[in-house]
Amino acid sequence: MNKITATLMGGVIAGAFAVPALASSTACPTGNASVPPGANTTKPTAPFYIDTTDLNLSTSPPTRDPANPAYPNATASPSGTLPSATADGNFIIGPAHPPAPETVADNGVPKGKVLSLTMSSADSVIYKPGFVRADPQNCLDAAIFSAKTAPGDPSNVLVPTSQAGTWTRAVDVYVPAELPRGTPAPFIVVGDGGPHGFFSEKQFFTVLDNLIHEHRIPPIVAIGIGAGGQDAQGSERGREYDAVSGTYAEWVEREVLPLVEHQADIQLTHNPDGRATMGISSSGSAAFTMAWFHPELYHRVLAYSPTMVNQQWPHDPALPGGAWEYHDAWAGPQPAGLGVNGVHVTNTDMATGAPLIPNSARKPIRFWFEVGDRDLFYPDAPLADGMHDWTLADEDMAKVLAAKGYQYQFLFSRNATHVDAATVAETLPEALEWLWQGYPAH
């Protein structure tokens, strides 16, 4: 790719937002991948129940069986093949995951250009100040792995080491070579973007080059936005991506897109059918949240291992299960009150703990998503809340989307971990092609 670099809105990154070096003298705590100690696994009607039915607990994380009766029915594809890019519903792929040919650059295909920008919370209106979490002993995420929860409520993790701070992030803007000039461009907002993100932008942009050249998708602009910093509760990344609200979409609309249009000298469409969101893990749930709270802005969503679990922080008693409550009721007892210090954080007319999708009118959202058979399972042992099984969460998403008549394609990937790289390389071209069905490719 041709790369132009522009440094904008510079800021000083807080020390705690750099990836910390592991302490040399003390072993750092690590994440969990099995049933948390003391969890409720025997009383389904009691609060915070964790269902271990049909889980192979000899692997870490447990291997899930796609035939689990708790999962919706799905069509199995022969190993190494994928469902059609026009098919809706539930599918099983794997265990082999050969990379798609579109992931390989072709010298005969025009290459898009990439413009690199930098943003700082010091210049933000919505996310100023940022959140910085101090992890003990300079161990990455140690504050979460060893955190305590509120008395009697394992769904509410306490993070006293999180404080105000400053972050910087990269924003990479892909402009396709075949983009018609002078007309508003369709685009996709990609979470966990930037050159140091969790997602391979090089592979993604190569796939876009090839698909656009073959007229299998429209000539879309891609905006890869780096995460705010760190991960999980108490972090800027967790604050932005795991929030069940319209705030992140509003930040993108007000602060990112105008900057992109100005610096890249392009026009972005205001037609929600020409706007897509995409992410992995927590940025995957954020991608769905952007469209859910602002369907007037986005109609198309793509996510790998989306975090449709209880990761929202700060804890919101009005929606105590976070993104788990898109598809299922809160797993705990009904709380006594709403809000944080008397302030309602989440705008919802649902009863506290009620799932959002089953209790809302169908929205104009088209959703492609995937989960692995060895996806995350209670990675933070203190959160033994019945709402941290990524595979079950995404299977339940498929259930409620089908019941409400949504257009979706859901893949259960065998022999796959969280945001499995081989699965991404196998499925990304067809996922993008499915996502943009119905939108003119020329």
Side-chain angles (χ1 to χ4, degrees), residues 3-11 13 17 112-131 166-176 179 184-199 201 204-205 208 220-230 235-243 245-272 274-280 282-303:
K3 179 167 274 196
I4 306 167
T5 302
T7 301
L8 305 171
M9 301 192 297
I13 191 167
F17 266 46
K113 294 183 178 180
V114 179
L115 171 71
S116 293
L117 313 175
T118 303
M119 300 182 70
S120 168
S121 62
D123 301 293
S124 179
V125 174
I126 293 177
Y127 287 133
K128 179 182 179 178
F131 275 119
T166 304
W167 48 254
T168 62
R169 76 173 91 219
V171 178
D172 281 352
V173 184
Y174 164 91
V175 180
L179 178 69
F187 66 92
I188 186 168
V189 174
V190 184
D192 279 316
H196 305 297
F198 299 118
F199 187 75
E201 281 192 341
F204 181 54
F205 296 155
L208 293 182
I220 60 173
V221 171
I223 304 165
I225 305 174
Q230 298 178 299
S235 72
E236 183 65 28
R237 181 177 186 269
R239 171 200 189 186
E240 296 173 9
Y241 289 165
D242 294 317
S245 74
T247 305
Y248 185 74
E250 293 154 15
W251 173 75
V252 171
E253 195 71 17
R254 298 176 190 177
E255 301 190 27
V256 180
L257 299 187
L259 176 67
V260 167
E261 288 185 310
H262 176 71
Q263 293 297 322
D265 190 26
I266 56 175
Q267 284 181 283
L268 299 173
T269 184
H270 291 279
N271 176 5
R275 290 166 154 233
T277 62
M278 176 179 172
I280 60 170
S282 286
S283 64
S285 56
F288 183 84
T289 295
M290 291 173 74
W292 178 262
F293 281 90
H294 287 289
E296 80 284 4
L297 299 179
Y298 300 98
H299 284 178
R300 304 173 188 271
V301 182
L302 191 159

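If you're wondering where the values come from, they're calculated on a predicted model, not measured in any experiment. Position 1 is the first residue of the sequence, and the numbers go up from there. All values below were derived from every heavy atom in this structure, side-chain atoms included, with hydrogens, water molecules and symmetry-related copies excluded.
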Nearest 0.5 Å, please: how far is [atom2] in [Y] from [atom1] in [X]?
X    : Y    : atom1 : atom2 : result
S285 : I280 : OG    : CD1   : 11.0 Å
I223 : I220 : CD1   : CD1   : 10.0 Å
E240 : Y127 : CD    : OH    : 5.0 Å
H294 : T289 : NE2   : OG1   : 10.5 Å
D123 : T118 : CG    : OG1   : 11.0 Å
F131 : E236 : CZ    : CD    : 7.5 Å

Residue pairs passing the salt bridge (charged side-chain N to carboxylate O under 4.0 Å, His left out) test where at least one lies in residues 289-298, sequence neighbours excluded: none
List the residues meeting side chain to side chain donor-acceptor pair (under 3.5 Å) with E261, not counting sequence neighbours, and say none if there are none. none
Mind checking side chain to side chain donor-acceptor pair (under 3.5 Å) for T277 and listing every partner two or more places apart, or none if nothing turns up? none
Checking side-chain contact (heavy atoms from CB on, under 4.5 Å) against E253, which of V189, I126, L297 comes through? L297
Any idea which heavy atoms bring [X] and [Y] closest together, and the distance?
X    : Y    : answer
A291 : Y298 : CB-O, 3.7 Å
P129 : R239 : O-NH1, 2.9 Å
F187 : L257 : CZ-CD1, 3.8 Å
G279 : A287 : N-CB, 4.0 Å

Intermediate values then yes/no, side chain to side chain contact (heavy atoms under 4.5 Å, CB included), Y248 and I225: CA-CA 11 Å; Y248 185 74; I225 305 174; 3.9 Å; yes
Side chain of [X], backbone of [Y]: donor and acceptor closer than 3.5 Å?
X    : Y    : result
R300 : G274 : no
S282 : D242 : no
S235 : G238 : yes
R169 : G226 : yes

For side chain to side chain contact (heavy atoms under 4.5 Å, CB included), just list the numbers for L179 and V221, CA-CA rounded to whole Å, side-chain angles, deciding distance to a tenth of an Å, and then say yes or no. CA-CA 8 Å; L179 178 69; V221 171; 4.2 Å; yes
Do the side chains of K128 and E255 get close enough for a salt bridge, i.e. N-O under 4.0 angstrom? no
Sub-4.5 Å side-chain heavy-atom contact between T166 and S120: yes
Go through the steps for E201 and Y174 under the test side chain to side chain contact (heavy atoms under 4.5 Å, CB included), then give the verdict. CA-CA 9 Å; E201 281 192 341; Y174 164 91; over 6 Å; no
